[in-house]
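For ligands, and for the atoms within them, numbers begin at 1 and follow the listed sequence. Because the structure is predicted, anything quoted here is derived from the model rather than measured.
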Amino acid sequence: MHPADMSLNRDSQEPAHGAPWEPLDQPIDRPPDLRSRTLTSRTRTARGRRRIPVFLLCAVVGLVVLVWSRSSAARKPRGAKGTLLSSSSYPFTPPDDPLPVHHLESLMLYHNTPVARSRPPPTQFLLDPRADLSKPVVALITATNNPRDVMRETATTLFGQSLQNFVWVIVDDHTTEPGSRDLLDELARDPRVVVVKNERDMGLAVSRNVALDWVFEHYDPPPKYLVSLDDDDLFEYTALEKTCWMLESNPEWDIGGFRYVKWGASNETVVTGLHSGRSNWSKGNFVPNAAVYTSRALQLSGCRYNEEEFHDGGEDWDFWMCLADAGLWGGTILEPLYWYRVNDPTFRTKRWGNTFVDGFEQLKRHIWRKHPTLDKAFPVMKPKRNIQLEPVAWEPPFEQALARTDKQIMFILPWLYMGGADIGALHMIQLYALAGYRVTVVCTLSKVPEGIELRPFALQYTHDIHILPTFLRMHDFPRYIKHLVDSRGIRQVILSNSQLAYEMLPALVEQMPDVEWIDYLHNEAYDGWKSGGYPRYSIIMQRYLARSITCSHYLRGWLVDNGHLDANRIGVVKLGIEASEFKPATPAARNAAKATLLSVEPETFVIVVVGRLDPQKRSTLIPLIVEELIRRTETDFLVVMLGEGPMRRQLEAAIAAASLGDFVRLLGTHNDLSGYYAAADMFLLPSMSEGISIAVAEAMASGLPIVTARAGALPEQLGELDAAGNKVHDANELGGILVDHELDTVHDPVHYADAVEKLMLDPGLRARLGRNARRLVEDGFDWRTTLSGLFVETARAKNLLGHVTGDTRYPLPAAYLSTQMVLAEMWKETDMRGYYP
Ligand SMILES: *[C@@H]1O[C@H](CO)[C@@H](O)[C@H](O)[C@H]1NC(C)=O
Ligand SMILES: *[C@@H]1O[C@H](CO)[C@@H](O)[C@H](O)[C@H]1NC(C)=O
């Protein structure tokens, strides 16, 4: 569907059958006004909490009155897989003005909570109207007293979870205010909510125990997972799903935590957690209060919230330490998945009395006395290593009750670097989200922090981002991917640059034969890596791919030349850049940039080179080109090289050896190159080959004439070839000069120096080619235009007949891979040519 087709009319939104709760229509985006808070359960203690002897606790349960409003309609048996809700009835529209959700404390925007208007709406995940809710996976327990309006936000992030199969037991600890009562009645309309009323004010810990007892009484077996949730805190929308899966994947664990964000009266990103256990348990409670724990742990240990001894607070800490005493512990997802609202100090004093003013030392001593053996016997539970492979299972551990919708797409990527390919993926995510799709992103590798640099930006368009190694052991990756596909109703997956995804394809197709797996290819590997890299994998796996999409006609040709059997199954969609972010510099701006950034005169001819310092970019050719230019011209010039890479030392040595220091500067990597483009007179890139080069595109958008190789996709990028790959433009209409290189170090410096000198001597030519360059990008290289081709190309995707059972016309990947591996490692012993004299 084209973005223009999405008529997203919020008014047409019907409530889900059996799910009367509607998420906040107008999410609250600014930090809530802390002064206007009413009292909640947290503040109640100060009004005189009564201690209740343990023997009375049992009686308390008898006093509760149940408001049990589960609708019978919601108990209908689960419908056949494949029933999809229409996205137009349940629209999902990302915000106009999204903000990134950073994971680093220094970059975190503390008002950008899960319900902020600057985040995607809470309608990304919906309850399957036909789900069987009689066996919830998670029971959440919340004690509340006269809840404030912010409890709606808590409810919104809970009802918006990707794991919809839960029961929420709210113990109403004697709410008296009419507004609060209405709120609770409203919540109780959801089939998953149970409101248990205490007939009198019994306190936080007792109320939580009431909820736990309720859960154990009403379910046999009890829900596998339990969470104690405060009535004003927020979850990220995938928190329950990821944490429960982490516990499934690490079955020796009983508590699943996460990083969390404290916001409100003070702001902080908390990075300690269950993993800090052994050395730090005695310094304070760092288990997030909404951590997920198993009902098994409670049955084994008998632990409950201890109201008796911790009436001034600290019962959470004691609870976790009780589990630790029983040898039960767990681990942390190193991703902030929970928002803890910090009340202002007067509130805290009311809630905690003097505990945190002068009583914390006392509480600490109390905890130590109560748990004397933990110092020596604290359970330590690092995740097990992946190295011992366990069998791969496919059945999900539980049913999520998540609705499938008809506009879902999944991307499988290795990770989210700030590189060209990944920014391309980010643009695709954005494009699909803006067209009303619910986008799921899976990363199969994790490298912190570089590998998740783009995560905050992807979170602007989808809540559904899963970096698998941060919470799953590897043998669960295939099962989790299947689970994502099945639970969301995903029918198309775009994979890009993920070796694991390619290698899993035969298995994934076997498990999910109706899904269309489509790959997006940037360029072949030039150094022989994997006989060409991802495009080689694409050829090997062609039987399983419903379509391949390349970012250039050149690469499409490469696939066909290298063993792809059907050019009609390959489409071309260019990546594009954000053209509006670049503009040609005026002569005055150019002179100013030369002076401020490079301290050179306006007359100095500045050549900018952008790219990794590596063999593919032929970085060491630059000093040779410079020497050749010095030989033939009087013009003062300077080459500015931006980028880092393995050839830096070699390059520095070459520059020093030939005394070229006045002519070449190595300036390393910069995030914002616009200043350098403004200071430059031309752009040079003598690569061996390139796919579509983002650096070249940005230089073109900055109105710079380009000198580069007639290789790879560069001719089509400079305008020599049209969309069909035919030659359309002559040299005067290109965005620069294409050099026919010979890939040597004797002739190529001369060829490049010829081209550079031509531009150096002819300002008119520079201006003309620069104008062409800018126009080529404006007309055909803005990502919003180029990437919309994706909708056309993915619509053409079609699984081969017999792609599961095997179509003998197409190579069998297993055989292909095995021969490829042997050839790579022992070609002499297996290849005829290896024996030739
Ligand atoms: C916490 O962050 C919010 C939102 O960014 C801000 O309004 C508030 O002033 C911050 N609070 C403190 C104590 O810095
Ligand atoms: C434990 O505490 C020490 C200092 O008290 C701190 O340096 C360390 O990072 C903590 N360990 C963990 C795993 O949080």
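Side-chain contact annotation: Q164 with R192, donor-acceptor N/O pair under 3.5 Å present. Using modelled atom types, one finds no donor on one side chain facing an acceptor on the other under 3.5 Å when comparing D232 with T154.
For a threshold of 3.5 Å applied to N or O pairs, the pair formed by S266 and ligand 1 contains no separation below that value.
Within ligand 1, counting atoms from 1 as listed, the ones closer than 4.0 Å to a heavy atom of G264 are 1 (C), 11 (N). Atoms of ligand 1 found under 4.0 Å from any heavy atom of N267, numbered from 1 in the order shown, are 1 (C), 2 (O), 3 (C), 8 (C), 10 (C), 11 (N), 12 (C), 14 (O). Each of the atoms 13 (C) of ligand 1 lies under 4.0 Å from some heavy atom of A265.
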Show the numbers, then the answer: is there a side-chain contact (heavy atoms from CB on, under 4.5 Å) between L402 and L126?
-> CA-CA 6 Å; L402 181 61; L126 304 163; 5.6 Å; no

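Between F258 and Y338, the ring-plane angle classifies as tilted under the 30° and 60° cut-offs.
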